Amino acid sequence: MIILGIETSCDETAAAVVGDDRSIYSNIILTQLKEHRPYGGVVPEIAARAHLDYLDDVIREALINSGKDLESLDGVAVTGGPGLIGGVTVGVMTAKAISAVHNLPFIAVNHLEGHALTARLTNDVKFPYLLLLVSGGHCQLLVVEDVGKYVRLGTTIDDAIGEAFDKTAKLLSLGYPGGPALEAAAKKGDPNRFKLPKPLFGRPGCDFSFSGLKTAVRNTVYKFPDGQLSPIDAADLAASFQTSVGDVITDRCNNALDSFLKTYTIDNPQLIVAGGVAANLYLRSCIEKLCDRRNIQMIAPPRKLCTDNAAMIAWAGLENLRRGINSNLDFAPRPRWPLDGL
Ligand code: KG4
Ligand code: ZN
């Protein structure tokens, strides 16, 4: 089975061709950095128009690079939501057109399911597994029981984790995109200079909270004359922020592991980390330490497959299609689409 995947839910215009033997035949990602950089964040209308401009060429390139033609495909998968609705609509309409013209099954994929199943594309991962899903719009701990079967253990009660990284990077004037810039700055910083809170640390449950941490960073910045930080100040504050996030995540994952291992009997329990923030090597190392301590296998996909891409959408489409699940051409793009149906 060979599937074309299309992703346009945020600021990456992406297309990929993936096979059921876990081959990634091609994986083209065009990031709209120059379009959004002047605004310091993604502008939905600009993103939608850029997807419209780029998507045909990106799909063409993905097909050429894969060495496959449209006739050899078994289906077209596209992010059907959640995401910025203009961009999602561009992808969905394009995928519908390809599917209708070439008489191929059409699969509208939940973007979060794309992240959630990526580790099954890159590694030997069996259901059920514990998933830490950390992206620009989400921060959740879930048990992935099967394709389409998710049990939520915890979620953020305010900001998403990627959003917290991006907003903190902006406060520290670290540049755009914020998450990777903050990680780079933190590497050079002293995490012990500023004391920041660790929201919900040590409390029962698996929920997250990041807005208090962000406010604490803002209050610290305001204590500097005119709010002006030197590169060293910014690096130290970035390191403190990242350390607090690492401690909180470790604590929440520890609680989630307790609940996962109590409910499910598994020979080789696995904790999967996925989503754009899973590209952060410091956070990965925090979770790896926890997993080593608890004798759990931790798996994080290669960094390029953590941030938004279409290989994960093709793969999630493939996992659905081989279970006989596809979508009708009257599928309506969904700005919101929770994985657990809540
Ligand atoms: O999964 P993703 O590419 O898009 C969404 O589905 O949201 O995640 C994007 C988020 C952004 O907030 C970005 O700043 C964050 O992932 N991110 C990182 C890193 N790379 C991307 N955050 C921290 N450290 C990184 N290295
Ligand atoms: Zn994503």
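What you are looking at is a predicted structure, and each value in this text was computed from that prediction instead of being measured.
- The environment of Ile232 atom CD1 is sparse: at most 12 non-hydrogen atoms of other residues, nucleotides or ligands sit within 6.0 angstrom.
- When side chains are defined from C-beta on, Thr220 counts as touching Leu196, because their heavy atoms get closer than 4.5 Å.
- Nearest approach of Ala300 to Met298, heavy atoms of both residues: CB-CE, 3.8 Å.
- Looking at heavy atoms from C-beta onward, Glu113 lies in side-chain contact with Leu339 at the 4.5 angstrom threshold.
- Val43 and Tyr176 fall into different hydrophobic clusters, where Ile, Leu, Val, Met, Phe, Trp and Tyr side chains are chained together by heavy-atom contacts under 4.5 Å.
- Salt-bridge annotation for Glu319 and Arg323: present, with a side-chain N of the basic residue lying under 4.0 Å from a carboxylate O of the acidic one.
- There is no side-chain donor-acceptor pair under 3.5 Å between Asp247 and Thr250.
- Of the N and O atoms on the side chains of Asp159 and Ser211, not one donor lies less than 3.5 Å from an acceptor on the other residue.
- Leu200 and Leu213 are assigned to two separate hydrophobic clusters, defined by single-linkage of ILVMFWY side chains at heavy-atom distances under 4.5 Å.
- Taking every heavy atom of both residues into account, Ala279 and Arg303 meet most closely at O-NE, 2.6 Å.
- Note on Arg203 versus Asp251: no salt bridge recorded, every NZ/NE/NH1/NH2 to OD/OE distance being 4.0 Å or above.
- A salt bridge is defined here as a Lys NZ or Arg NE, NH1 or NH2 lying under 4.0 Å from an Asp or Glu carboxylate O, and Lys167 with Glu163 meets this definition.
- The minimum heavy-atom distance between Val88 and Pro333, with the atom names listed, is CG1-CB, 3.8 Å.
- Between Arg152 and Asp207 there is no salt bridge, since no side-chain nitrogen of the basic residue lies less than 4.0 Å from a carboxylate oxygen of the acidic one.
- Ring pair Trp337/Phe331 is tilted by interplanar angle, where 30° to 60° counts as tilted.
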Mind running ring-ring contact (aromatic ring centres under 6.0 Å, His included) on Tyr222 and Phe224 for me, showing each step along the way?
CA-CA 5 Å; Tyr222 287 168; Phe224 283 79; over 10 Å; no
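- Within a 6.0 Å radius of CZ in Arg49, other residues, nucleotides and ligands contribute 12 heavy atoms or fewer.
- Hydrophobic clustering, with ILVMFWY side chains joined whenever heavy atoms are under 4.5 angstrom apart, keeps Tyr25 apart from Trp315.
- Across all their heavy atoms, Asp74 and Pro105 have their closest contact at O-CD, 3.2 Å.
- By the 4.0 Å N-to-carboxylate-O rule, Asp124 lies close enough to Arg22 to be salt-bridged with it.
- Looking at Asp236, its side chain does come within 3.5 Å of a backbone N or O of Asp190 through a donor-acceptor pair.
- Leu30 and Leu55 fall into different hydrophobic clusters, where Ile, Leu, Val, Met, Phe, Trp and Tyr are joined by side-chain heavy atoms under 4.5 Å apart, directly or via other members.
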List, one per line, each side-chain donor-acceptor pair under 3.5 Å for residues 259-266, sequence neighbours excluded.
from   : atom 1 : to     : atom 2 : distance (Å)
Thr263 : OG1    : Ser259 : O      : 2.7
Tyr264 : OH     : Glu145 : OE2    : 2.6

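- Comment: Asp57 engages Arg60 in a salt bridge, judged by a side-chain N to carboxylate O separation of less than 4.0 angstrom.
- Smallest separation of non-hydrogen atoms from Leu283 and Gln242: CD2-O, 4.2 Å.
- The residues Arg322 and Asp20 are annotated as not salt-bridged, no charged nitrogen and carboxylate oxygen being separated by less than 4.0 angstrom.
- Counting non-hydrogen atoms of neighbouring residues, nucleotides and ligands closer than 6.0 angstrom, the CG atom of Asn295 reaches no more than 12 such neighbours.
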Test salt bridge (Lys or Arg N to Asp or Glu O under 4.0 Å) on Arg294 and Asp258; report intermediate values, then the result.
CA-CA 10 Å; Arg294 299 205 51 168; Asp258 286 343; 2.8 Å; yes
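- Heavy atoms only, all atoms of each residue included: Asp21 and Ser23 are closest at OD1-OG, 2.8 Å.
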